[in-house]
Amino acid sequence: MLELRKDIFADERDDNLNEIGKGTQRQDMLGHVTGASTYFDDHKLQGMLHLKVLRSPHAHARLRRIDTTEAERAPGVRRIIRGADVPVNLNTLLSLINFGKDDEPSLAVDKVRYKGEPIVAIVADSPREAFEALAKVRVDYEPLPAVFDVEEALKPGAPVVNETYPKNTFVYHDLYDHQKLRFGDVERGFAEADHVLEQRYQMSPIEHAPTETNGSIAAPDTNGRYVVYTSTQALFFSLDTCAKILDVPSNTFHFIGGTVGGGFGGKVDTLTEPLAILGAMLTGRPVRYQLGREEEMQFGSPRGAERIYIKDGVMRDGRIVARKIRAYFDSGAYTRLSSYAVVKCAAHLPGPYTIPNVYGDIYCVFTNRTPATAMRGFGVTAMDFALECQMDKLAHLVGIDPMEFRILNAYRDGDMKAHRREAKNTALIECVQVAAEKAKWPLREDVKRMSSRTDGGGSRATISPTPREPAPQRAAASQQRTTYDRAPPVATQPPPSPTPPPPRPSTPAPSHGATRFSSVFGTRRR
């Protein structure tokens with residue numbers, strides 16, 4: 001039974017609560033437990049076609065030739081879709097907020113960069129006919145060297161996974177190949193420490209394994225619009241992404257979601273909607289595109305594998321005086337959301353502890369593996385695991401109880417964080433004390449009397465002198481950031497001077513991006 005310790009935050013609490021502290025039934029719970037909830041696949045539309053995709057058997061290969069001649073004559077086939085049929089066949093989710101370059105095709109054109117990458121889509125009367133036609137597609141591959149390890153991918157001469165990022169690292173702000181955190185002089189801290197401990201932590205990719213695999217149904221609606229039933233957990237991200245890929249105004253679509261069927265982050269990417277809609281556009285009929293279980297594991301994004309090195313300097317009395325972290329996030333072949341996970345990770349260093357010297361380098365690395373994405377606290381969970389394992393090892397090294405060791409190093413109100421922000425409303429000490437009490441874990445009396453509200457600030461609130469590093473050179477103009485909105489067409493020849501310019505229209509003509517609603521900023525982009 002959870003016990004609320006109201007006394008700890010008595011002067012900050014408002015107990016006049018409406019929802020917290022009492023049971024409230026979710027509005028969709030009854031439908032879920034009785035089997036009455038409607039999922040996207042429950043919509044059976046008249047004349048519905050089925051879309052299936054040919055996927056790469058290679059982790060890295062050039063596409064020499066794709067022959068669909070025999071597949072086009074297969075029974076039931078209504079349409080074959082290749083990369084050239086996709087209006088904007090390059091995208092990344094976060095380009096919607098001008099964060100990163102478009103780097104992932106809907107259908108591969110020149111080469112494939114991971115096993116399971118889509119190459120050709122076939123729309124047929126039935127799933128079986130679509131699969132049988134896929135078996136008749138002939139692809140001539142030229143296998144290429146592949147790289148599956150983040151540190152191997154960063155070595156000189158490593159295979160280039162994604163030509164958008166030729167050094168196999170995501171580029172932040174068109175300038176930095178990784179995220180940094182610098183606070184104090186970490187090398188001086190190590191020199192002063194009584195003990196130095198360096199450890200390596202390696203995480204594995206984790207499949208979300210939703211009960212309902214990713215999928216969607218797109219159907220022509222009235223007035224040239226399309227209704228889309230989808231399992232996405234990011235409805236407006238998907239709507240905007242489809243408008244971009246298909247190069248139409250976002251009000252072309254009516255997206256219907258809401259019942260995800262298990263997401264956990266694995267349904268934030270827009271995986272099936274663009275091709276399902278394109279199939280409906282090209283055939284004029286409803287099209288269903290759902291991943292099978294094997295496809296879900298090959299094409300649906302897992303949690304990314306992360307490799308973390310932590311080096312700590314600690315005094316005999318238990319104070320951590322220096323922490324150096326180097327981490328690599330395996331993004332797989334394309335960005336999806338790994339670049340954002342790295343930002344979150346850097347913001348989380350060095351954990352909830354007051355350390356006067358901190359040094360962090362966090363990389364988003366491309367390899368020939370399935371692209372990674374969000375999953376429950378991504379960017380933070382793995383780092384937390386590594387940091388807390390390290391805390392246990394440090395406590396053992398200096399012979400201090402692990403809970404008392406955490407209390408000794410925990411933030412107090414008024415301390416300075418490594419991100420140069422004052423710590424406020426801290427509560428780790430009280431949380432550890434309550435956890436110890438519940439677990440009947442003995443703490444010394446003086447440790448039981450410690451508080452997050454005392455002994456903070458003072459020398460712990462100073463910003464440590466930090467050695468400056470040379471600023472990197474800005475990237476060449478060819479590596480400028482990809483923007484979401486398209487610029488208007490630029491005339492290649494200036495108009496003849498005697499000819500007056502045409503009259504300006506009273507309102508701007510509709511174009512891609514001009515009328516799109518941003519679900520991120522809540523404003524219309526222009």
Exercise. Got a salt bridge between Arg113 and Glu163, using NZ or NE/NH1/NH2 to carboxylate O under 4.0 Å?
Worked result: yes
For this session: Give a yes-or-no answer on whether the side chains of Lys111 and His60 include a donor-acceptor pair shorter than 3.5 Å.
Result: yes
Exercise. In terms of side-chain geometry, is the basic nitrogen of Lys44 or Asp42 positioned less than 4.0 Å from the acidic oxygen of its partner?
Worked result: no
For this session: Would you kindly say whether Tyr201 and Glu306 are connected by a side-chain donor-acceptor distance under 3.5 Å?
Result: no
Exercise. With side chains defined as the heavy atoms from C-beta onward, is the minimum distance between Ile122 and Lys52 less than 4.5 Å?
Worked result: no
Seminar exercise, completed: side-chain hydrogen bond (donor to acceptor under 3.5 Å, both in side chains) pairs touching residues 79-94, sequence neighbours excluded, are Asn91-Lys244
For this session: From the options Tyr165, Tyr328, Phe170, Tyr363, select the one residue that forms a ring-ring contact (aromatic ring centres under 6.0 Å, His included) with His178.
Result: Tyr363
Exercise. Considering only heavy atoms from C-beta outward, does the side chain of Glu104 approach that of Leu90 to under 4.5 Å?
Worked result: no
Problem set entry | Row check, Tyr309 ring normal vs Arg326 NZ/CZ: under 6.0 Å, within 45° | yes
For this session: Would you indicate whether the side-chain heavy atoms of Arg62 and Leu144 approach each other to under 4.5 Å?
Result: yes
Problem set entry | Residue that, paired with Cys364, satisfies side-chain contact (heavy atoms from CB on, under 4.5 Å) out of Val342, Thr169, Asp177, Val171 | Val342
Exercise. Any luck finding a side-chain donor-acceptor pair between Thr232 and Ser238 under 3.5 Å?
Worked result: yes
Exercise. Are Lys344 and Phe378 in a cation-pi setup, meaning NZ or CZ lies under 6.0 angstrom from the ring centre and within 45 degrees of the ring axis?
Worked result: yes
Exercise. For Glu294, does the CD atom sit with more than 12 other heavy atoms under 6.0 Å from it, leaving out its own atoms?
Worked result: no
Exercise. Heavy atoms, side chains only, cut-off 4.5 Å: are Glu212 and Lys267 in contact?
Worked result: yes
Problem set entry | Closest approach of Ser301 to Thr373 (non-hydrogen atoms, all atoms of both residues) | CB-CG2, 3.0 Å
Problem set entry | Salt-bridge contact Glu152-Lys155 (side-chain N to carboxylate O under 4.0 Å) | yes
Exercise. Any idea which heavy atoms bring Glu273 and Thr270 closest together, and the distance?
Worked result: OE1-CG2, 3.3 Å
Problem set entry | 4.5 Å side-chain heavy-atom contact, Arg285 and Asp125 | yes
Problem set entry | Worked verdict on Asp330 versus Arg369 for salt bridge (Lys or Arg N to Asp or Glu O under 4.0 Å) | CA-CA 8 Å; Asp330 191 341; Arg369 299 174 67 166; 3.3 Å; yes
For this session: Report the relative orientation of the aromatic rings in Tyr114 and Tyr334; use parallel for angles under 30°, tilted for 30 to 60°, perpendicular for over 60°.
Result: perpendicular
Seminar exercise, completed: Between Asp28 and Ser37, the two heavy atoms sitting closest are O-OG, 4.1 Å
Exercise. With distance as the sole criterion, is a donor-acceptor pair present between the side chains of Glu296 and Asn214 under 3.5 Å?
Worked result: yes
Problem set entry | Modelled atom types, side-chain donor and acceptor of Ser250 and Asp240, under 3.5 Å | no
Problem set entry | Min side-chain heavy-atom separation Ser231-Tyr39 under 4.5 Å | no
Seminar exercise, completed: Shortest non-hydrogen pair, Ala153 vs Asn168, comes out as O-ND2, 3.1 Å
Exercise. Have Glu295 and Thr213 got a donor and an acceptor in their side chains that come within less than 3.5 Å?
Worked result: no
Problem set entry | Arg323 and Lys311, any side-chain heavy atoms less than 4.5 Å apart | no
Problem set entry | salt_bridge(Glu117, Arg55) N-O dist < 4.0 Å | no
For this session: State, to 0.1 Å, how close Phe366 and Ser331 come at their nearest heavy-atom pair, and which atoms those are.
Result: CE2-OG, 3.8 Å
For this session: Examine distances only and state if a side-chain atom of Ser126 and a backbone atom of Glu129 form a donor-acceptor pair shorter than 3.5 Å.
Result: yes
For this session: Apply salt bridge (Lys or Arg N to Asp or Glu O under 4.0 Å) to Arg288 and Asp41, showing your working.
Result: CA-CA 8 Å; Arg288 174 182 178 272; Asp41 202 30; 2.6 Å; yes
